[in-house]
**Student:** 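I have a structure I would like to understand better, so I am pasting it below and will then ask my questions one at a time.
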Amino acid sequence: MATQPDASEETLANLLHEHRRFPPDAGFTAQANATSSDYEASASDRLAFWAQQARRLDWSHEWTQVLDWSNAPFAKWFVGGRLNAATNCLDRHVAAGRGDRVAYYFEGEGGDTRTITYAQLTDMVCQAANTLTDLGVKAGDRVAIYMPMIPETVVAMLACARIGAPHTVVFGGFSADALRTRIHDCDARIVVTSDGAYRRGKVVGLKSAVDEALLDCPDVRSVLVVRRTGQDIDWTPGRDIWWHDSVDQASTEHHAEDFDAEHPLYVMYTSGTTGKPKGILHTTGGYLTQCSYTHWAVFDLKAESDIFWTAADIGWVTGHSYIVYGPLANGATSVLYEGTPDTPHQGRWWEIVDKYKVSILYCAPTAIRTFMKWGAQIPAKYSLGSLRLIGTVGEPINPAAYIWYRENIGHNRTPVVDTWWQTETGSILVSPLPGVTAGKPGAAMKALPGIVADVVDDAGSPVPDGAGGYLVLREPWPSMLRTIWGDDDRYVDTYWSRFPGLYFAGDGAKKDEDGDIWLLGRVDDVMNVAGHRLSTTEIESALVSHAKVAEAAVIGASDETTGQAIVAFVILRSEAGDGGPEVVQELRDHVAKEIGKIARPRQIMVVPELPKTRSGKIMRRLLKDVAQDRPIGDVTTLADSSVMDLIKAGMPSDAERRH
Ligand code: PRX
């Protein structure tokens with residue numbers, strides 16, 4: 001007798017069924033960079049496919065072997081090849097006669113602007129490379145960069161790459177403490193910073209945080225300081241150097257050495273589930289190859305005509321790969337925006353899109369849900385007619401948010417690419433290819449050409465179509481992390497031990513009936529309700545599909561009857577007002593109707609804000625503490641720690657909850 005699968009055997013339930021499809025538009029397909037034969041070509045000879053992509057770059061010495069995986073999971077790509085990442089991003093475009101092409105349109109938060117061409121950027125990077133060399137920085141030395149979103153941040157990164165000194169960019173919103181931990185971990189001896197930064201119209205200090213961090217970093221010998229705000233700062237003679245007194249005065253002549261393909265390019269820290277952040281190491285040849293390829297294929301980049309905008313911070317991997325290395329390797333023109341989406345008004349992004357005629361926009365679902373909350377009337381005031389492709393990254397995008405983005409920003413004309421990747425993967429691995437793959441709201445769809453992804457069950461066996469499990473990668477890829485800085489064992493343990501021979505990303509996923517991939521959130525967040533393993537994502541998406549809801553976060557709180565019970569925190573859209581008491585019942589019924597009774601939340605809290613990390617990810621762990629009346633855990637990575645007080649103040653007590 002056919003029965004439901006035994007709940008205890010189920011790896012992750014597949015609840016949400018989304019039937020909307022957006023096949024590629026014939027006009028777009030006709031001009032698209034990617035073609036369906038890319039999948040076949042890469043499947044028949046994956047390494048030949050990557051060798052072909054590596055030829056997008058200039059190599060001073062050709063590699064002798066595409067991949068050395070004999071010491072797995074420690075990969076070597078393009079063995080023996082030599083190149084310089086910075087000259088690949090800059091000099092070669094200038095040498096090809098494209099020096100006058102704009103590399104960046106910089107838009108300051110306060111409205112100040114700068115237009116920087118490839119020739120100018122090359123000169124600036126040569127100057128900074130000369131200054132770093134004068135400061136004694138040699139190939140292999142680490143340089144910490146703690147900066148706002150200004151052109152000098154890009155210049156500092158590329159100057160490091162040019163001289164072979166791996167950079168570690170620490171997000172400018174992090175504290176002195178976070179900066180110090182990272183400087184210690186990678187033993188950086190030089191810090192590049194600015195006096196301060198503009199944030200929401202106010203001036204905040206960066207140099208002051210560096211001073212505080214360095215109280216405990218005796219090995220740091222020089223601090224290079226860009227003047228951005230002009231605020232007063234403390235000065236340590238002999239250690240601190242103004243950028244305008246050094247870099248701006250340096251020679252624009254600089255001979256760039258070549259480096260081994262596996263030479264370290266940068267270390268990017270990402271928080272681990274416990275304790276010490278992990279320094280993710282990326283190297284040169286494979287990383288740049290895959291950033292360049294994915295930027296070209298996934299965004300359909302036409303370097304001569306597109307204006308590309310990744311609206312993320314350079315302090316995250318998204319900024320490294322798709323503001324700096326991918327776009328510059330491809331000779332693209334990008335927008336670099338310093339500020340927040342609501343400074344000085346909630347239409348700022350759309351104003352920028354119209355001003356620069358942005359044709360490709362890449363941002364995070366958290367931003368899209370914020371725009372949903374503010375209302376469609378805001379982008380409606382702008383033309384947005386220049387956009388031809390829009391993308392998202394960083395979290396699962398709820399189908400309702402995808403549709404909102406497609407309608408209100410893409411005007412139902414542009415493809416939407418939902419791109420899955422991680423700090424560790426270095427570049428996009430799972431995404432539709434525009435012009436080739438149909439869009440499904442909420443699905444990241446398919447592994448890109450050259451990538452072998454799968455969804456497996458607890459035992460590591462592939463799940464059938466229509467079932468949920470864990471997202472894994474079966475084969476190494478060029479831009480993969482090489483290790484965790486200084487901790488090879490932690491690298492093996494964290495990524496390669498759960499399923500032997502497979503890279504496990506930590507994400508839940510499902511294959512739909514067509515075999516397409518949907519991301520279901522971090523497996524640490526999975527809930528177990530009456531024996532069913534439910535993903536937070538699907539229930540959140542059901543909530544967000546209600547017209548009154550802009551954002552939702554779901555957690556499992558312990559429950560006497562069901563093991564765990566679903567508790568949801570929702571932010572209503574502006575036009576829904578405060579919703580009234582009946583809204584909670586309406587939303588509970590809505591979830592039950594959309595995905596089944598099993599997913600009906602025990603409790604729904606209407607909240608003004610959700611706790612998020614500075615890169616916009618919801619911190620469900622903290623909501624769990626609130627829901628279970630526990631003391632609230634570590635809030636140091638929260639963007640705004642007062643959010644927790646607001647949420648806590650609105651929670652009913654345990655006694656009230658039982659009635
Ligand atoms: O959980 C996945 C989620 O973000 C994680 C990686 O975060 P981070 O290293 O900060 O890099 C963010 C930018 C690449 C993943 O493990 N994630 C990222 N993109 C998506 C996503 N979840 C669902 N859909 C996506 N498109």
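Computed from a prediction, not measured in an experiment: that's the story for all the values here.
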**Student:** Taking C-beta and beyond as the side chain, do R200 and D342 meet within less than 4.5 Å on heavy atoms?
**Tutor:** yes

**Student:** Could you measure the distance from the OH atom of Y402 to the CD1 atom of I390? Nearest 0.5 Å is fine.
**Tutor:** 8.5 Å

**Student:** Once you round to the nearest 0.5 Å, how far does CG of L281 lie from SG of C186?
**Tutor:**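 Answer for the CG-SG pair, L281 versus C186, is 10.5 Å.
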
**Student:** For residues F371 and W404, determine if any side-chain heavy atom of one lies less than 4.5 Å from a side-chain heavy atom of the other.
**Tutor:** yes

**Student:** Mind checking whether K511 and V463 have side chains closer than 4.5 Å, heavy atoms only?
**Tutor:**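 A side-chain contact under 4.5 Å exists here.
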
**Student:** Do E395 and K612 meet the salt-bridge criterion of a basic N to acidic O distance under 4.0 Å?
**Tutor:**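 Looking at E395 together with K612, the answer is no, because their closest N to O distance does not fall below 4.0 Å.
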
**Student:** Roughly how far, to the nearest 0.5 Å, is the CD atom of E538 from the CG atom of L12?
**Tutor:**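 Rounded to the nearest 0.5 Å, the CG-CD separation comes to 7.5 Å.
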
**Student:** On a heavy-atom basis, which atom in F499 and which in D457 lie closest, and how many Å separate them?
**Tutor:**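 Answer, listing the atom of F499 first, then D457: CE2-O, 3.5 Å.
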
**Student:** Kindly assign one of parallel, tilted or perpendicular to the pair H17 and H19, based on the angle between their ring planes and the thresholds 30° and 60°.
**Tutor:**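 The rings of H17 and H19 lie parallel, inter-plane angle below 30°.
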
**Student:** Centre of F22's six-membered ring, under 6.0 Å away, within 45 degrees of the axis: is that where NZ or CZ of R406 sits?
**Tutor:** yes

**Student:** Do any N or O atoms from the side chain of E540 and from the backbone of E551 form a donor-acceptor pair under 3.5 angstrom?
**Tutor:** no

**Student:** Side-chain contact test, heavy atoms from C-beta onward, threshold under 4.5 Å: evaluate it for P462 versus R474 and give yes or no.
**Tutor:**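 A side-chain contact exists here, since the closest heavy-atom pair is under 4.5 Å.
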
**Student:** Kindly give the heavy-atom pair with the smallest separation between L520 and A13, and that separation in Å.
**Tutor:** CD1-O, 4.4 Å

**Student:** Could you tell me which non-hydrogen atom of I555 sits nearest to which non-hydrogen atom of A627, and how far apart they are?
**Tutor:**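 What the structure gives for the nearest pair is CD1-CB, 3.5 Å.
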
**Student:** Between Y322 and T294, do the side chains contain an N or O donor and an N or O acceptor separated by less than 3.5 Å?
**Tutor:** yes

**Student:** How long is the gap from NZ on K624 to CE on M619, to the nearest 0.5 Å?
**Tutor:** 13.5 Å

**Student:** Is any side-chain heavy atom of H320 closer than 4.5 Å to one of H282?
**Tutor:**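 Heavy-atom side-chain distance check fails, nothing below 4.5 Å.
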
**Student:** Restricting to pairs with a member in residues 607-631, which pass ring-ring contact (aromatic ring centres under 6.0 Å, His included), not counting sequence neighbours?
**Tutor:** none

**Student:** Look at D185 together with R182 and state whether they make a salt bridge at an N to O cut-off of under 4.0 Å.
**Tutor:**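 Salt bridge: no.
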
**Student:** Going by the angle between their ring planes, with limits at 30° and 60°, are W496 and Y503 parallel, tilted or perpendicular?
**Tutor:** perpendicular

**Student:** For D559, enumerate each residue passing the salt bridge (Lys or Arg N to Asp or Glu O under 4.0 Å) test, keeping only those at least two apart in sequence or located in another chain.
**Tutor:**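 D559: salt bridge (Lys or Arg N to Asp or Glu O under 4.0 Å) contacts with R602.
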
**Student:** Taking atom types as modelled and ignoring hydrogens, do the side chains of Y362 and T419 form a donor-acceptor contact shorter than 3.5 angstrom?
**Tutor:**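 Looking only at side-chain atoms, T419 and Y362 do form a donor-acceptor pair, the distance falling under 3.5 Å.
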
**Student:** Looking only at atom types and distance, does a side-chain atom of H345 sit under 3.5 Å from a main-chain N or O of G347, one as donor and one as acceptor?
**Tutor:** yes

**Student:** side-chain contact (heavy atoms from CB on, under 4.5 Å) with T168: which of Y269, Y146, Y266?
**Tutor:**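 Answer after filtering Y269, Y146, Y266: Y269.
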
**Student:** Please determine if K440 and D514 form a salt bridge, counting it only when a charged side-chain N lies under 4.0 Å from a carboxylate O.
**Tutor:**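 Yes, this pair counts.
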
**Student:** Are the side chains of P148 and Y198 in contact, using a 4.5 Å heavy-atom criterion?
**Tutor:**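 No, every pair of side-chain atoms sits at 4.5 Å or beyond.
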
**Student:** About how many Å separate NZ of K381 and CD of Q377, when rounded to the nearest 0.5 Å?
**Tutor:**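 If I round to the nearest 0.5 Å, the distance is 6.5 Å.
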
**Student:** My understanding is that only residues two or more places apart in sequence, or in another chain, count here; which of them pass side-chain contact (heavy atoms from CB on, under 4.5 Å) with K446?
**Tutor:** Y39, T437, D516

**Student:** Less than 4.5 Å apart, any side-chain heavy atom of M605 and any of L623?
**Tutor:** no

**Student:** Once rounded to the nearest 0.5 Å, what's the spacing between atom CD1 of I403 and atom CG of N408?
**Tutor:**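 Going from CD1 on I403 over to CG on N408, the span is 10.5 Å.
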
**Student:** What closest approach, in Å, do I618 and A553 show between heavy atoms, and which atom pair accounts for it?
**Tutor:**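 Heavy atoms of I618 and A553 come nearest at CG2-CB, 3.7 Å.
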
**Student:** Checking T423 now: which residues fulfil side-chain contact (heavy atoms from CB on, under 4.5 Å) with it, not counting sequence neighbours?
**Tutor:** M268, T270, I280, V317

**Student:** Will you find, in the side chains of K278 and T494, an N or O donor that is under 3.5 Å from an N or O acceptor?
**Tutor:** no

**Student:** Looking at S541 and T537, would you say the former's side chain and the latter's main chain have a donor-acceptor pair under 3.5 Å?
**Tutor:** yes

**Student:** Does anything in residues 586-605 pair up under ring-ring contact (aromatic ring centres under 6.0 Å, His included), and if so which pairs, sequence neighbours excluded?
**Tutor:**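 Output for this query lists H546-H590.
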
**Student:** Just wondering, do P601 and V554 contact through their side chains at under 4.5 Å, heavy atoms?
**Tutor:**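 Not touching, per the 4.5 Å side-chain cut-off.
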
**Student:** Charged N to carboxylate O under 4.0 angstrom, R498 versus D458?
**Tutor:** yes

**Student:** Give a yes or no on whether a salt bridge exists between D525 and R621, defined as a side-chain N under 4.0 angstrom from a carboxylate O.
**Tutor:** no

**Student:** List the steps, then state whether salt bridge (Lys or Arg N to Asp or Glu O under 4.0 Å) holds for D177 with R180.
**Tutor:** CA-CA 5 Å; D177 213 37; R180 192 195 45 213; 2.4 Å; yes

**Student:** For residues 11-20, which residue pairs pass the salt bridge (Lys or Arg N to Asp or Glu O under 4.0 Å) check, not counting sequence neighbours?
**Tutor:** E18-R20

**Student:** Hydrogens and angles aside, do D507 and W420 bring a side-chain donor and acceptor to less than 3.5 Å of each other?
**Tutor:** yes

